[in-house]
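See below for the structure under consideration.
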Amino acid sequence: MNPSDRAKFDEVWQEHQDAVWPSDLGIDEGQLMTLDTVIGGCLTYYCEEHDLDEQRVEILRDCLAELEGVVEDISTSPSEYFRRLQFLGTTLLQDYS
């Protein structure tokens, strides 16, 4: 990640950490909560260790793919929370392509 991308990543990550859990998620709430927890765990690990191991890279890829399918079905307001999460995960994975 170049310095500009890292600055944006850090800014969005802080915004995400400060965000309130969205409401009105319907039947997908449990799945979204799990994806948020796992993706957030990978992001936290990266921020602390400045690297991801191969296992976390694969987990992050899988979770982002699953999230993509679910986010399309939720309303606009809650989707902002998950679009931000997608941005963070996708930005991080650019270093692991």
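Only this structure's heavy atoms are used, side chains among them; waters, hydrogens and symmetry mates stay out. What you see is a predicted model; the values in this text were computed from it and never measured.
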What residues, two or more places apart in sequence or in another chain, satisfy side-chain contact (heavy atoms from CB on, under 4.5 Å) together with Asp5? Met1, Asn2, Gln94
First locate atom [atom1] of [X], then atom [atom2] of [Y], and finally report the distance between them rounded to the nearest 0.5 Å.
X     : Y     : atom1 : atom2 : result
Lys8  : Phe87 : NZ    : CZ    : 6.0 Å
Leu93 : Leu64 : CG    : CG    : 6.0 Å
Arg6  : Cys47 : CZ    : SG    : 5.0 Å
Glu58 : Cys42 : CD    : SG    : 11.0 Å
Arg83 : Leu88 : CZ    : CG    : 13.5 Å
Glu29 : Thr34 : CD    : OG1   : 10.5 Å

Contact check, side chains of [X] and [Y], non-hydrogen atoms, under 4.5 Å:
X     : Y     : answer
Leu85 : Leu43 : yes
Trp21 : Asp36 : yes
Tyr46 : Trp13 : no

Cluster question for you: counting only ILVMFWY and a side-chain heavy-atom cut-off of under 4.5 Å, with indirect links fine, are Val70 and Met33 together? yes
Single-linkage hydrophobic cluster Val12~Tyr45, side-chain heavy atoms < 4.5 angstrom: yes
Check each of Leu67, Asp28, Val71 against Leu35 using the side chain to side chain contact (heavy atoms under 4.5 Å, CB included) test, and report the only one that passes. Leu67
Would the distance check show the side chain of Tyr81 and the main-chain N or O of Ala19 forming a donor-acceptor pair, the cut-off being under 3.5 Å? no
